[in-house]
Every structure is written in structure tokens, then in C-alpha cells.
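Quick note: numbers below take in every heavy atom, side chains included, and nothing from hydrogens, waters or symmetry partners. One-based numbering along the sequence shown.
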Amino acid sequence: MTIRRLVVFGGTGDLTGRFLLPALAALHAAGHIDDRFGLTGASREDWDGERYRKWADAQLERHGADLPADSRRAVIASADYRRADVTDPADVGAAVAGEDPVAVYLALPPALFPSAVTALHEAGLPPGSRIVLEKPFGEDLAGAQELNRLLADLVPERAVFRVDHFLAMTTVQNVLGSRLANRVLEPIWNSTHIAEIEIVWDETLALEGRAGYYDHVGALKDMVQNHLLQLLCLVAMEPPLTLGERDLRDRKVDVLRSVRPLTDFDVAHRTRRARYSSGRAGDREVPAYVDEDGVDARRRTETFAEIVLELDSWRWTGTRFRLRSGKGLGKDRKEVAVRFRSVPHLPFGQDKDVRPNVLRFGLEPESLSMDMTVTGSRAKTLTQLALTAEMDAPALPAYGRLLLDVLGGDPALSIRSDEAEEAWRVVEPVLSAWERDLVPMEEYPAGSDGPPPRHTTPGRRDDLLHEEAVMPADS
């Protein structure tokens, strides 16, 4: 059943203005929604419908100027506004009232999810309604379990959409497409041939006024616990029978369950945390994170997080999975890099100069490339070659795809309750060890490559974070 009514709690926030409104305009332009669609923004601001439509117009002008003008106007015309406290059942009930089913989007800080879901439960939802929650899902494992219990009392699991827009990105989908539709890749997609897979989201952007949210979560919760673990699932999963919601999500949960639990010793040697100090990123001066407006230095929030995981499975035992994300860095690097093992023998006499093959899935901007070694211009010499493919522009933006799935009732790309809990189980040991300062808080200048490499003891294999001589972080 297709739903034609969307209520967004947090309807005046950055997520709505930057992503949801342009996504709705893109859906209209593609013919997926029409004039029967209705949008209600709900928030604490003392606005009326006219004020809200003016705000929506300004947001679409800023973030969706490339979309057709008639589609932008249609979304604005469909919009109304309700002043609401998301923790008040009366306010929530007034916003969702009606006979037709509604999709309720909680574009809220995760700390408000339990109160908002409780208010929805007391207010009641029309039959057939769906609920959407932004990441991160809960603030820890116990919180995720409690939130799952509250949601189970409100709507069926198929009506719960724990969304992660990374899963709807074209290049993320292409990880599966490249693996499963090409015979040349799947036979070598295992630890026999792959030494390491890096999942990286490094960005030059610093805090950019998001202290109210970011300072309470940090890089580990904001990026690694949800986005990068989702990418890990797609990279490492066994081939599903279909891409339906049951088969796909079962295989993702299998991956998370196979992650080898981290001991305190593992966390100390396989994770890093850091935050940026003052520096120059591009053409702008960036203050130290602790000096940014709205930051409480006592929280010791990290802006850089890196963990190395191993999977206990037939396919992946012996392969490292490096998940890394940082803000305020010197360059954007957003990719999945599959690093193959070296060939067993080279007859060219220059083995030390030959790099292993690397298959790269560029996430933003979208790209696909393979680093290869080929014969050079002189006999018996080798040289490096990068084969790069241009990717077609996606038919819908990531949030457009997610909203289409929500309105149409397809939960395949949403995160199931057990999957959400398993993701927290992976990072809980890291959070616990960091809280006990078992891993130092390092610093790196804004605009740099991040914290400097650790010095490791020759011959020791307990520090997997910086074996640069064996596996360079970038080429």
C-alpha cells in the first residue's frame, strides 16, 4: 500500500531542509508522487502554514535549485505546519490525526526517540502507518533494545524504517552489483585473495555549526557505528538468494554476528581516536575543535575514529577490515578500497616496486577504478595503471530512494531490529574502553592527513592500525 501523507517531526531542521524537501521534489519530478501527496512539518517553532511554506521555498532554492521549478512548487503547495512538542501525546496526535495511514519521520536527535515513540503510542496511529527513524538508532546497546521494544508495541516490524541513506547511494549499491553480477570477482572475493578492505569516509568539512548534535555523538557513533558498518555488511556478506528484505537483511546480520569481539587489548591496539586542533583546511582557517561554538571540551568528543575488525567466517578469516572516518582533514577521501594480496612470484626482478591490485568504489563523488600492474615501455619492466569508469548519475538522490521505499512499503534497505542491536554490540567494547581512557585522545592539525602513524615494534603483529610498509593507506 502506498502512503500519500508524510509527517516530519523536526520539520524545520537541517535534515528536512537540506535533504528531505529536495528528495520530495525529485520524487515529484520522477512521477512517484503527485498532487494528492501531503507533507506536514512539525516542530516547536511558533509558525503557521504560510511561514513554513516560505521557509520550505528558501530551502529548496538553496539545496534543490537544480530540480524542476514546477516540482519544487508542488512540494511547497503540499506542505502544512503543526507546532508540536514531540514528547506531548496531544501535540503528536494532532499532527498525525486522520483516517488515512501516515508515514511519520522522526528527524530528531536520537535522545528524543524514546519519548517521541512513547508519545506516538499514546496518541495512536491510523492503521497501516509507518515510522521512520534517522541514525544513529539509540545511543548504546541498551538504548537500542529499549527502543526496539517500544516500536514493537507501536507498529509491526515491517512498518519500522531505521534508515541509513548510505544504503541508497548508487555506488554503495554498486558494491553488490560488481560482486554478484561479475564472474571474475566473486571467485576471488575472499581472504585467500584479499588482504584488507578499507572503508573510509574522510572529509575536509569540520564541525560546520553542528555542535548541538555532533558533540554528543562523535565520529565513532556518527559514522562508524552505522554508516561504515552498513558498508561492511554489503562488502562482506554472503550472496543472498534475492535482494528482498528477508534475504538481504539476514545476510547483513550474519556479517555483524561474525565480527570477532574486541577485548580491551584489541581496542588498545586496533582503534584510534583523535580530534582536530587549529589549522588551515583549503582556503579557510579552522579553530581547534574544543574552541568551536557549542563544544564542551569535558565530553572529550572525537572527530576522528579508526577501528580494525576481523570476521570469524569461512570466507574472511585472515582479512582485515579497516573502518575510518575523520573531519577537518586535508582532503576528501570517501571510498571502499579492496586491497588484494601480492602475487606469489614475479619474474621481472623488481618485486619491491610492485604494488598489489586495489579495487576502489568511490562513494562521493561516485567512481569505480582498479589499480593494476602492467608491462612498461621497456622489456621486462612494470608500471602502474589505473582503470577508471565513469558512473551514470543516479535517477534519484539517496534520500529520494529512501522516501520512495518508505511510502511504498519496501523495507529492504532499512535496518532490522536485530541488525541495529548487533551493530551496537560491535562497538560497545570500543566505547567502554574509550570511556576508561584505554586509548589516548590524539590530536591532528585541521587540514592534515589525520593523526600521525603509530610507531610499532618490529616483528609484533598486535598493532594492525599502521602497517604502512605492507599495506599503504592510500596511493
Side-chain angles (χ1 to χ4, degrees), residues 1-8 15 19-34 36-39 75 78 96 100-107 117 120 125-135 137 148 151-152 154-177 179-181 226-227 229-231 233-234 237-256 394-420 422-423:
M1 176 182 59
T2 299
I3 289 178
R4 293 190 174 89
R5 190 160 60 107
L6 177 67
V7 176
V8 181
L15 172 66
F19 297 112
L20 298 185
L21 290 173
L24 289 172
L27 289 179
H28 184 276
H32 295 299
I33 59 176
D34 54 28
R36 293 173 292 175
F37 177 80
L39 167 67
V75 170
S78 74
V96 302
D100 295 331
V102 60
V104 178
Y105 201 121
L106 301 185
V117 172
L120 282 168
L125 285 171
S129 294
R130 297 166 193 145
I131 185 168
V132 189
L133 299 95
E134 267 289 334
K135 61 87 182 175
F137 184 74
N148 279 336
L151 288 165
L154 178 63
V155 292
E157 174 62 29
R158 280 186 58 88
V160 180
F161 289 75
R162 302 169 189 84
V163 298
D164 185 336
H165 74 277
F166 268 47
L167 292 177
M169 295 170 66
T170 305
T171 44
V172 171
Q173 297 287 312
N174 196 40
V175 172
L176 278 183
R179 277 188 58 188
L180 305 180
N226 43 80
H227 292 325
L229 282 181
Q230 287 297 308
L231 292 175
C233 289
L234 296 186
M237 70 193 312
E238 291 299 317
L241 295 177
T242 72
L243 295 184
E245 58 95 9
R246 176 71 182 272
D247 292 335
L248 182 63
R249 298 198 290 185
D250 281 353
R251 299 291 77 77
K252 289 168 64 185
V253 172
D254 288 344
V255 173
L256 294 174
L396 289 173
Y399 272 96
R401 169 68 187 273
L402 288 180
L403 286 177
L404 183 62
D405 287 348
V406 169
L407 298 175
D410 182 0
L413 293 184
S414 72
I415 297 166
R416 204 168 59 194
S417 59
D418 54 344
E419 184 181 349
E422 291 293 344

Of Gln230, Lys135, His227, the residue whose pairing with Asp164 passes side chain to side chain donor-acceptor pair (under 3.5 Å):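 Only match with Asp164 under side chain to side chain donor-acceptor pair (under 3.5 Å): His227.
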
[Y] and [X], any side-chain heavy atoms less than 4.5 Å apart:
{"X": "Leu231", "Y": "Leu167", "answer": "no"}
{"X": "Leu176", "Y": "Leu248", "answer": "yes"}
{"X": "Pro411", "Y": "Asp405", "answer": "no"}
{"X": "Met1", "Y": "Pro101", "answer": "yes"}
{"X": "Glu238", "Y": "Asp254", "answer": "no"}

Audit row: Leu407, Arg4, side-chain contact (heavy atoms from CB on, under 4.5 Å) steps and yes/no: CA-CA 7 Å; Leu407 298 175; Arg4 293 190 174 89; over 6 Å; no

Side-chain donor or acceptor of [X] paired with backbone N/O of [Y] under 3.5 Å:
{"X": "Arg179", "Y": "Met237", "value": "yes"}
{"X": "Asn148", "Y": "Ser417", "value": "yes"}
{"X": "Arg5", "Y": "Asp100", "value": "yes"}
{"X": "Arg162", "Y": "Ile415", "value": "yes"}

Can you list the residues that meet the salt bridge (Lys or Arg N to Asp or Glu O under 4.0 Å) rule with [X], with sequence neighbours excluded?
{"X": "Arg246", "result": "Asp250"}
{"X": "Asp247", "result": "none"}
{"X": "Glu245", "result": "Arg158, Arg249"}
{"X": "Glu419", "result": "Lys252"}

For a quick test of reading the model, state the closest non-hydrogen atom pair linking [X] to [Y] and the distance between them.
{"X": "Ser129", "Y": "Ala159", "result": "O-CB, 3.6 Å"}
{"X": "Pro126", "Y": "Val102", "result": "CD-CG1, 4.0 Å"}
{"X": "Ala398", "Y": "Ala168", "result": "O-CB, 3.4 Å"}
{"X": "Ala420", "Y": "Phe137", "result": "CB-CD2, 3.5 Å"}
{"X": "Ala423", "Y": "Leu256", "result": "N-CD1, 4.0 Å"}
{"X": "Ala23", "Y": "Pro397", "result": "CA-CG, 4.4 Å"}

How many angstroms lie between [atom1] in [X] and [atom2] in [Y], if you round to the nearest 0.5 Å?
{"X": "Leu15", "Y": "Tyr105", "atom1": "CG", "atom2": "OH", "result": "5.0 Å"}
{"X": "Leu120", "Y": "Ile131", "atom1": "CG", "atom2": "CD1", "result": "5.0 Å"}
{"X": "Leu39", "Y": "Leu21", "atom1": "CG", "atom2": "CG", "result": "6.5 Å"}
{"X": "Leu180", "Y": "Leu243", "atom1": "CG", "atom2": "CG", "result": "7.5 Å"}
{"X": "Glu134", "Y": "Phe161", "atom1": "CD", "atom2": "CZ", "result": "13.5 Å"}
{"X": "Leu396", "Y": "Leu403", "atom1": "CG", "atom2": "CG", "result": "10.0 Å"}

Verdict with reasoning, Leu6 to Leu24, per side-chain contact (heavy atoms from CB on, under 4.5 Å): CA-CA 10 Å; Leu6 177 67; Leu24 289 172; 4.2 Å; yes

Partners meeting side-chain contact (heavy atoms from CB on, under 4.5 Å) with Asp418 (sequence neighbours left out):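 side-chain contact (heavy atoms from CB on, under 4.5 Å) list for Asp418, sorted by chain: Val253, Arg416.
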
Distance-only side-chain donor-acceptor flag, His28 / Asp34, under 3.5 Å: no

Derivation and outcome, side-chain contact (heavy atoms from CB on, under 4.5 Å), residues Leu106 and Val117: CA-CA 9 Å; Leu106 301 185; Val117 172; 4.1 Å; yes

Stepwise side-chain contact (heavy atoms from CB on, under 4.5 Å) check, Val104 with Val132: CA-CA 6 Å; Val104 178; Val132 189; over 6 Å; no

Results of ring pair (Phe, Tyr, Trp, His ring centres under 6.0 Å) for His32 - residues two or more places apart only: none

